[in-house]
Amino acid sequence: MTEYLLKILIVGDGNVGKSSFVHRYVSGQFNKTYKMTVGGQERFISMTRLYYKGAMGCIVMFDVTNSTSFQNCHYWKQDLDNKTMLPNGRPIPCILLANKCDLSQWAVKAESIEKFCKANGFLTWMETSVKDNKNVGEAMRRLVEEALSLE
Ligand code: GDP
């Protein structure tokens, strides 16, 4: 048996569900009170090169009820691609996750997501609900599969 250690990143605006996603994937649980909601986190923060270093895959996440968090995905992807690449010079495989799909007030159209996904070099996009455990494992599987195929 061969073991692999892969560094997978997850980026996106505050409050979109990143910590919940990691917690769900690792422990299988969803805790509504995991972190208190703090307003005013819909913003892009440039990360350091060191954060990105050695990553083999990346998730860019937004909240379907928050259009600003979707628009900012552009900056998150750009920041990633500007600061790091695979050893073979290709961009880091990246998947776009439309989280909180369990909520009814979508502020972003599926066709806009599709268009953005294609135009910005994502592998694919998926709607996820960390709350309902929808597509969490599937998204990670897709990303890991891609990362391993590039090894
Ligand atoms: P982060 O700042 O991106 O790490 O976001 P958090 O993981 O702290 O989540 C922010 C808030 O969104 C929390 O109150 C979570 O309970 C909630 N949340 C996360 N994922 C979902 C989801 O799929 N559906 C719903 N309805 N709420 C979610």
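For the numbers below, each heavy atom of this structure counts, side chains included, while hydrogens, waters and symmetry mates do not. When a ligand or atom number is given, it counts from 1 through the structure's own listing order. Keep in mind that what you see is a predicted model, and the values were worked out from it rather than measured.
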Would Lys83 and Ser46 count as having a side-chain donor-acceptor pair, cut-off 3.5 Å?
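On atom types as modelled, these side chains qualify, holding a pair under 3.5 Å.
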Judged by modelled atom types alone, do Asp63 and Ser69 share a side-chain donor-acceptor pair under 3.5 Å?
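Distance-only check fails for Asp63 and Ser69.
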Contact check: Phe30 vs ligand 1, nitrogen or oxygen atoms, below 3.5 angstrom
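No; every N/O pair is 3.5 Å or more apart.
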Return a yes/no value for Thr128: is any of its N or O atoms, backbone included, closer than 3.5 angstrom to an N or O of ligand 1?
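No; the residue has no nitrogen or oxygen that sits under 3.5 Å from a nitrogen or oxygen of the ligand.
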Just jot down the ligand 1 atoms closer than 4.0 angstrom to any heavy atom of Lys18, in number order.
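Checking each atom against Lys18, I get 1 (P), 2 (O), 3 (O), 4 (O), 5 (O), 7 (O).
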Could you tell me, atom by atom, which parts of ligand 1 come under 4.0 Å of a heavy atom of Leu103?
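The atoms of ligand 1 under 4.0 Å from a heavy atom of Leu103 are 26 (N).
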Out of Ser20, Ser69, Ala98, Cys101, whose heavy atom sits nearest atom 7 (O) of ligand 1?
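It is Ser20 whose heavy atom sits nearest to atom 7 (O) of ligand 1.
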Taking the minimum heavy-atom distance to atom 25 (C) of ligand 1, which of Asp102, Val11, Val136, Val130 ranks first?
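It is Asp102 whose heavy atom sits nearest to atom 25 (C) of ligand 1.
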Within reach of ligand 1, part of Asp63 (heavy-atom separation under 4.0 Å)
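The answer is neither.
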Applying a heavy-atom cut-off of 4.0 Å, say which part of Asp132 lies close to ligand 1: side chain, backbone, both or neither.
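None of Asp132 does.
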Once the angle between the rings of Phe116 and Phe70 is folded into 0 to 90°, is it parallel (under 30°), tilted (30 to 60°) or perpendicular (over 60°)?
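If you compare the ring of Phe116 with that of Phe70, the planes turn out perpendicular.
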Output all residues satisfying salt bridge (Lys or Arg N to Asp or Glu O under 4.0 Å) with Lys18, sequence neighbours left out; order by chain, then residue number.
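Lys18 satisfies salt bridge (Lys or Arg N to Asp or Glu O under 4.0 Å) with no residue once adjacent residues are dropped.
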Can you tell whether the side chains of Glu138 and Arg142 come within less than 4.0 Å, N to carboxylate O?
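The answer is no: the pair does not qualify as a salt bridge.
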Taking 4.0 angstrom as the limit, do Glu114 and Lys118 come out as a salt bridge?
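Counted as a salt bridge, because a side-chain N and a carboxylate O are separated by less than 4.0 Å.
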